[in-house]
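To start, the structure under review is shown below, and the notes come after it.
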Amino acid sequence: MRTRTIETEHAPGREDDAPRTPERRGPPGNLPETGAEGTLTRRSMLATAGVTLTGGALLLSGSAARAQSDVPRAQGPREGSAADIGQRHTRQDWLRPGMPNRDYRPVVVPNGSKLPWRVVDSVKVFHLVAEEVEHEFAPGLKAFCWGYNGRVHGPTIEAVEGDRVRIYVTNRLPAATTIHWHGILLPSGMDGVGGLSQKSIPPGETFRYEFTLRQASTNMYHSHHDEMTQIGLGLTGMFIIHPRQPAGPRVDRDFAILLHEWRIDVGTGRPNPNEMTDFNVLTMNAKAFPGTEPLVVRQGERVRIRLGNLSPQNHHPIHLHGHHFRITETDAGRVPESARQPEGTVLVPVGSTRVIEFVADAPGDWALHCHMTHHMMNQMGHEFPNMIGVNPGSLDAKVRSLLPGYMTMGQTGMAEMAEMGMPVPPNSIPMLGARGKHDYITAGGMFTVLKVRERLESYADPGWYDNPPSTLAIAAGTDELRRDGIDVNAPAPVEPGSSS
């Protein structure tokens with residue numbers, strides 16, 4: 001069999017820098033027919049122009065050609081099952097490789113990257129390298145983690161339903177490892193559970209995974225060997241499978257965000273993977289605010305945000321300000337139109353993915369964050385004393401005779417600790433926030449900003465939003481308070497309750 005290699009390694013998934021106009025939307029043309037929810041049909045696979053011959057056999061013939069995109073409607077044997085024994089060696093049951101900007105709109109990975117690939121004999125070939133990585137979580141905090149290809153998290157893998165993928169995994173770690181393709185339907189021997197479905201990859205070795213993508217969904221990948229240690233140190237990534245024939249409105253901006261949590265004690269340089277409850281660095285694509293990049297879109301664009309959660313312990317309710325959205329996909333694929341309802345917060349459970357879609361119709365800078373309030377903090381310990389309401393009196397002056405510069409803090413909350421910029425231990429970001437346009441943003445951790453603008457020349461960060469007149473909350477003046485009958489010195493108004 002001859003091997004044909006496309007020499008150019010695709011940079012798969014980088015979009016045009018310029019925003020797309022509505023006229024550029026719409027499904028790609030000349031693609032094979034699909035069934036319900038984007039499932040490949042047997043007729044579409046037989047009709048695809050990209051099929052080739054292998055070993056003289058007619059490709060895509062027989063039951064092995066039928067797609068397995070949706071388990072309840074699967075008609076043929078799954079690859080590697082007893083009914084499929086022998087067929088894999090004589091029939092090619094995959095389609096021509098899906099190409100970015102032709103067959104799918106590439107995803108955008110804020111603060112992240114995507115895994116390059118090349119085509120060999122109509123198979124997409126990838127290479128992942130597990131290795132130690134020094135990673136910056138936010139300005140002021142770096143730690144030695146375990147990642148892939150010099151990244152934490154690993155680069156996002158992006159492919160298309162019907163693609164055949166071959167993924168080489170090289171282990172440069174000091175311990176054995178594997179990769180589990182989380183949520184992907186594939187043969188048992190490719191599932192990546194060390195000891196159960198494969199031999200673990202020893203240090204210095206390279207293993208090959210190969211399978212056909214028979215679904216369209218948002219998935220993840222991670223180590224499945226010594227999971228507490230290896231996932232806790234960062235061996236995770238996203239795996240996006242686009243539908244061969246997109247269903248529903250075509251999105252203009254498609255973001256991928258992986259949620260994670262870490263225990264990094266102040267002043268240390270490595271996450272503690274043995275932690276079970278007290279995580280103090282919460283991240284989106286391995287960055288804590290203000291290290292998170294904003295999500296930049298143009299007003300009127302349709303936006304998709306793919307959220308995955310490989311945190312060790314916590315679910316994350318992700319809340320978007322200024323917009324309502326619909327949950328369009330879960331781990332297993334698209335949610336039927338009739339089952340979608342408007343939401344403002346989506347709960348992303350541990351080990352799950354959720355996909356939301358909305359039209360960005362409101363210009364401004366809008367927060368996107370986990371609504372577990374402790375998840376918007378950095379490196380705070382539970383042993384910190386509760387100082388709310390404490391009156392230190394002359395304590396500060398007395399203590400300063402022993403500790404110059406001492407100041408009692410926390411009596412009114414934590415915001416002042418972040419804003420004052422007091423010295424902190426080396427390599428730490430306790431209470432780190434960021435200066436915003438109007439004031440100090442007292443948030444960290446799992447927090448980023450959706451920036452919606454009426455006009456954009458590119459998707460680079462446009463800076464802070466300029467609020468139109470009369471659309472910004474400001475201090476109330478004396479005249480308007482008098483006009484509206486507001487007496488700020490009177491008892492707070494309360495409407496009497498009714499009794500029955």
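Atoms CE and CD1, on M238 and I240 in that order, are 4.0 Å from each other to the nearest 0.5 Å. Interatomic distance, CG of L368 versus CD1 of I305, reported as 5.0 Å (0.5 Å rounding). Rounded to the nearest 0.5 angstrom, L295 CG and F255 CZ are separated by 4.0 Å. Of the inter-residue distances, the one linking F211 atom CZ with L185 atom CG reads 10.5 Å to the nearest 0.5 angstrom. Note that the CD atom of Q230 and the SG atom of C145 stand 13.5 Å from one another [nearest 0.5 Å]. Between the CG atom of D191 and the NE2 atom of H180 there is a distance of 5.0 Å, given to the nearest 0.5 Å.
A 4.5 Å side-chain heavy-atom check between L481 and R483 finds every atom pair outside the cut-off. In this structure, T353 and M220 have side chains that are in contact, with non-hydrogen atoms separated by less than 4.5 Å. Using a 4.5 Å heavy-atom cutoff, the side chains of K287 and T283 are not in contact. Side-chain contact between F239 and T218 is absent, with no heavy-atom pair separated by less than 4.5 Å. Taking 4.5 Å as the limit, every side-chain heavy atom of P110 sits out of range of all side-chain heavy atoms of T292. The shortest distance between side-chain heavy atoms of M284 and F289 does not fall below 4.5 Å. For the pair L307/V346, a side-chain contact is recorded, criterion being any heavy-atom separation below 4.5 Å from C-beta on. You'll find the side chain of L259 reaches within 4.5 Å of the side chain of M446, heavy atoms only.
Between the side chain of D439 and the backbone N or O of K437, no donor-acceptor pair lies under 3.5 Å. At least one donor-acceptor pair under 3.5 Å links the side chain of N111 to the backbone N or O of G291. For the pair K114 (side chain) and V108 (backbone), a donor-acceptor distance under 3.5 Å is absent. Although no hydrogens or angles enter the test, the distance criterion places a donor-acceptor pair under 3.5 Å between the side chain of D461 and the main chain of G463. No donor-acceptor distance shorter than 3.5 angstrom exists from the side chain of S223 to the backbone of I179, with no hydrogens or angles considered. Within the 3.5 Å criterion, the main-chain N or O of G477 finds a donor-acceptor partner in the side chain of E480. Counting only distance, with no hydrogens or angles, the side chain of R298 and the backbone of V452 share no donor-acceptor pair below 3.5 Å. A donor-acceptor pair under 3.5 Å links the side-chain atoms of E275 to the main chain of D278, judged by distance alone. Using modelled atom types, one side-chain atom of R453 and one backbone atom of G364 make a donor-acceptor pair closer than 3.5 Å. Judged purely by atom type and a 3.5 angstrom limit, E158 uses its side chain to pair as donor or acceptor with the backbone of V107.
In terms of the ring-ring contact (aromatic ring centres under 6.0 Å, His included) criterion, residue partners of Y209 (sequence neighbours excluded) are, by chain and number, W181. Taking E495 as the reference, nothing meets the side chain to side chain donor-acceptor pair (under 3.5 Å) condition, with sequence neighbours excluded.
The existence of a salt bridge linking D163 and R96 is excluded, since no basic side-chain nitrogen approaches an acidic carboxylate oxygen closer than 4.0 Å. Contact check on R244 versus E161 returns no salt bridge, with no Lys/Arg side-chain nitrogen under 4.0 Å from an Asp/Glu carboxylate oxygen. A salt bridge between E210 and R164 is present, with a side-chain N of the basic residue lying under 4.0 Å from a carboxylate O of the acidic one.
Using a 30° and 60° split on the angle between ring planes, H222 and H224 fall in the tilted class, from 30° to 60°. The aromatic rings of W117 and F126 are tilted relative to each other, their planes meeting at an angle between 30° and 60°.
Of all the heavy atoms in P106 and P100, the pair that sits closest is CG-CB, 3.9 Å. Contact detail for Y459 and E301: the closest heavy-atom pair is OH-OE2, 2.6 Å. For W262 against P271, the heavy-atom pair with the smallest separation is CE3-CG, 4.0 Å. Between F137 and A286 the shortest heavy-atom distance is CD2-O, 3.6 Å. In terms of heavy atoms, P97 sits closest to V119 at CG-CG1, 3.9 Å. The two residues A159 and L213 make their nearest non-hydrogen contact at CB-CD1, 3.4 Å.
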### Message
Between E136 and L141, does the side-chain contact (heavy atoms from CB on, under 4.5 Å) criterion hold? Intermediate values first, please.
### Response
CA-CA 6 Å; E136 183 181 72; L141 177 61; over 6 Å; no

### Task
Take H323 and F325, measure what ring-ring contact (aromatic ring centres under 6.0 Å, His included) needs, and give me the verdict at the end.
CA-CA 7 Å; H323 297 79; F325 53 79; 9.7 Å; no

### Message
Before you tell me yes or no, could you show the steps for V125 and V165 under side-chain contact (heavy atoms from CB on, under 4.5 Å), namely the whole-Å CA-CA distance, both residues' side-chain angles and the distance that decides it to 0.1 Å?
### Response
CA-CA 6 Å; V125 179; V165 296; over 6 Å; no

### Task
Tell me, with the steps shown, if V297 and D252 meet side-chain contact (heavy atoms from CB on, under 4.5 Å).
CA-CA 9 Å; V297 304; D252 300 290; over 6 Å; no

### Task
Could you walk me through whether I157 and Y221 pass side-chain contact (heavy atoms from CB on, under 4.5 Å), step by step?
CA-CA 9 Å; I157 298 173; Y221 65 90; 3.9 Å; yes

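Considering R354, R340, Q341 in turn, R354 is the only one that fulfils the side-chain contact (heavy atoms from CB on, under 4.5 Å) rule with I327.
The side chain to side chain donor-acceptor pair (under 3.5 Å) pairs that include a residue from residues 468-479 are D479-R482, where partners are two or more places apart or lie in different chains. Under the side chain to side chain donor-acceptor pair (under 3.5 Å) criterion, the residue pairs touching residues 138-157 are H153-T236, with sequence neighbours excluded.
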What side-chain donor-acceptor pairs closer than 3.5 Å can you find for residues 355-362, not counting sequence neighbours?
unit_1 : atom_1 : unit_2 : atom_2 : d
E357   : OE1    : R302   : NE     : 3.3
E357   : OE1    : R302   : NH2    : 3.4
E357   : OE2    : R304   : NE     : 3.0
E357   : OE2    : R304   : NH2    : 3.2
E357   : OE2    : T328   : OG1    : 3.3

Using residues 309-321 as the side-chain source, report each donor-acceptor pair under 3.5 Å to any protein atom, sequence neighbours left out, with the distance given to one decimal.
unit_1 : atom_1 : unit_2 : atom_2 : d
N309   : OD1    : S311   : N      : 2.9
N309   : OD1    : S311   : OG     : 2.8
N309   : ND2    : N314   : O      : 3.1
N309   : ND2    : V348   : O      : 2.9
N309   : ND2    : P349   : O      : 3.4
S311   : OG     : H316   : NE2    : 2.8
N314   : ND2    : E261   : OE1    : 2.9
N314   : ND2    : E261   : OE2    : 3.4
H315   : ND1    : V350   : N      : 2.9
H316   : ND1    : H375   : ND1    : 3.1
H316   : NE2    : N314   : O      : 3.4
H319   : ND1    : G344   : O      : 2.9
H319   : ND1    : T345   : OG1    : 3.0
H321   : NE2    : H369   : NE2    : 3.0

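The cationic atom of K451 (NZ for Lys, CZ for Arg) lies less than 6.0 Å from the six-membered ring centre of W464 and within 45° of the ring axis.
Using modelled atom types and a 3.5 Å distance limit, the side chains of H182 and D331 yield no donor-acceptor pair. In this model, no donor atom of one side chain and acceptor atom of the other lie less than 3.5 Å apart for H324 and E343.
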